[in-house]
Amino acid sequence: MSIYNTQTLKIYNSLSGEKETFVPINEGSIGMYVCGPTVYSNVHLGNLRTFMSFDVIFRYFIHLGYKVRYVRNITDVGHIVDDVDEGEDKIAKKARLEQLEPMEVVQRYTVDFHEILKAFNFLPPSIEPTATGHIIEQIEIIKKIIDSGIGYEANGSVYFDVVKFNKTNHYGKLSGRNIEDMLANTRDLDGQSDKRNPQDFALWKKAEPQHIMRWPSPWSDGFPGWHLECTAMSTKYLGNHFDIHGGGMDLKFPHHECEIAQNEACTGQTPVNYWLHANMLTLNGKKMAKSTGNNILPGEILSGKNTILSKAFPASVARFFMLQAHYRSILDFSDEAIVAAEKGYKRLIEAIDSLNQINVSPNSSLDFANWKQLCYDAMNDDFNTPILIAQLFEGVRFINLLKENKETISATDLEILSTTMHSFVYDVLGLENQKSADSSNDKLEGTINMLIDMRNKARADKDFAMSDHIRDQLLALGIQLKDSKEGTSFSI
């Protein structure tokens, strides 16, 4: 029997504003779509936190025994500056400024995105489609929306008629907005716009002569609107009706609101059962922004090359820090906070490493089965990682009491304790035993330094054959020695 059959999971649904019992459309299977990055710059820490939240959600579903199709897209076209219908595509702008082809920009930052996520131990999604790879699908959806009477063409561009759509549907139901209020608070059209209403959004934009990224369509050479790509890719791989759609809180309006409208106009049905939104990350109590210098990239945390933190921190420490807050809560990142997180992380890993030091007894003096269920209860309450971490530290307390022989544990319960700690720390939270990695690095460095000492002695004894042999053998293993006036150093 799969674990999910024994647990009741409740998820906060942004659509209803309430926690709801999770019931997948198809028993045992889950379809989940998460809005991915726009690859025109290095992934920033706030993005990383959002993707980490859904990585943990993905991991927990897998742990429960579900078969999950997790789709996370790459936005590589059509994302306009300030996310409006006018202006310059962010990727095209970057390409123009750096005198590159747009796809060079896309490749560079897609590689960066993957390298950072790998460093932070993310599981890859099941499918990672790109917007440029689905232009045909987007054009077909536009045709259907035009046929439904909701889309209209104007001077080579195509727009979604929000007012007409709202007569039979509810535009604004995800973000809690009212179309009349939105129209009242929007400036009147100045006569130069092709839109019928200020709230209408682009499905297809005719490309200006200077616009680099363009494709042929029945209306013009142009490019798709930003909102359209996720509708095309989510429905292609998950169907017109799927379980979960996630993203950052900032995407709720207009992006996700427009996605719902597009789907309903195209298919006549609501696309998603559960909408999940992760909250923002601040830095030293302020919004992160490159322009003010109040900004740090994930890679700079690992390297220590920044002006924010006192030193470098391993990826698992940063991951542990972020998971100490609920994904729907605002989290403030600071040097003080991550230093404190590092201490907690080390306590947790050291306790797990010491499980083999515990002696078993005929009976247990603690209720380990109940503690195990409390760990599940935490994650079953809308993926509450801070409460889970609190329960894991209760497990640390148990381990310390058992090591001091102040409590007893049976062999069966020791297996429960060990399996539960490993499952939630490594499989669900996605932490790695950085302590073991550091220990291995120390041992490797010590071994190389010992061989350098042996080589130095051989050189002093004029045994150059042995000296060269040590150097060549290390080089064959990918370890290069460098001799200088200060001595011999190495690089891997």
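- Other residues, nucleotides and ligands place more than 12 heavy atoms under 6.0 Å from the CD atom of Gln269.
- A distance-only check finds no donor-acceptor pair linking the side chain of Asp335 to the backbone of Leu309 [under 3.5 Å].
- The distance from atom CD1 of Ile150 to atom CG of Asp161, rounded to the nearest 0.5 Å, is 6.5 Å.
- A donor-acceptor contact shorter than 3.5 Å is absent between the side chain of Thr50 and the backbone of Ala278.
- Inspection of the Ser157 and Asn155 side chains reveals no N or O donor paired with an N or O acceptor under 3.5 Å.
- Here Phe383 and Phe54 keep their ring centres 6.0 angstrom or further from each other.
- With no hydrogens or angles considered, no side-chain donor-acceptor pair links His277 and Asp250 at under 3.5 Å.
- The OG1 atom of Thr231 sits 9.5 Å away from the NE2 atom of His256 when rounded to the nearest 0.5 Å.
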For this session: Take Lys93 and Tyr40, measure what side-chain contact (heavy atoms from CB on, under 4.5 Å) needs, and give me the verdict at the end.
Result: CA-CA 9 Å; Lys93 181 179 180 180; Tyr40 69 98; over 6 Å; no

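- Two rings, from Tyr171 and Phe160, have their centers 6.0 Å or more apart.
- For the 3.5 Å distance criterion, the side chains of Asp332 and Thr282 qualify, holding a donor opposite an acceptor.
- Judged by distance alone, with hydrogens and angles left aside, the side-chain atoms of Asn273 form no donor-acceptor pair with the main-chain N or O of Pro24 at under 3.5 Å.
- For the pair Phe242 and Val272, the minimum side-chain heavy-atom distance is below 4.5 Å.
- Residues His134 and Tyr237 bring their aromatic ring centres within 6.0 Å.
- Of the charged side-chain nitrogens involved, at least one lies within less than 4.0 Å of a carboxylate oxygen, so that Glu394 and Arg397 count as a salt-bridged pair.
- By the 4.0 Å N-to-carboxylate-O rule, Arg59 lies close enough to Asp55 to be salt-bridged with it.
- Checked for salt-bridge contact, Glu300 and Lys305 miss the test: no charged N lies under 4.0 Å from a carboxylate O.
- When only modelled atom types and interatomic distance are considered, Glu27 and Tyr4 share a side-chain donor-acceptor pair under 3.5 Å.
- Side-chain polar atoms of Asn263 and Glu259 form no donor-acceptor pair below 3.5 angstrom.
- Rounding to the nearest 0.5 Å places CD of Glu432 at 11.0 Å from CZ of Phe120.
- Residues Asp382 and Lys19 are not paired through a salt bridge, judged by the lack of any N-O separation under 4.0 Å between the basic side chain and the carboxylate.
- Below 30°, between 30° and 60°, or above 60°: for Tyr66 and Phe22 the angle between ring planes is above 60°, a perpendicular geometry.
- In summary, the aromatic rings of Phe113 and Phe51 are positioned with their centroids under 6.0 Å apart.
- For the residue pair Asn380 and Tyr60, a side-chain donor N or O sits within less than 3.5 Å of a side-chain acceptor on the partner.
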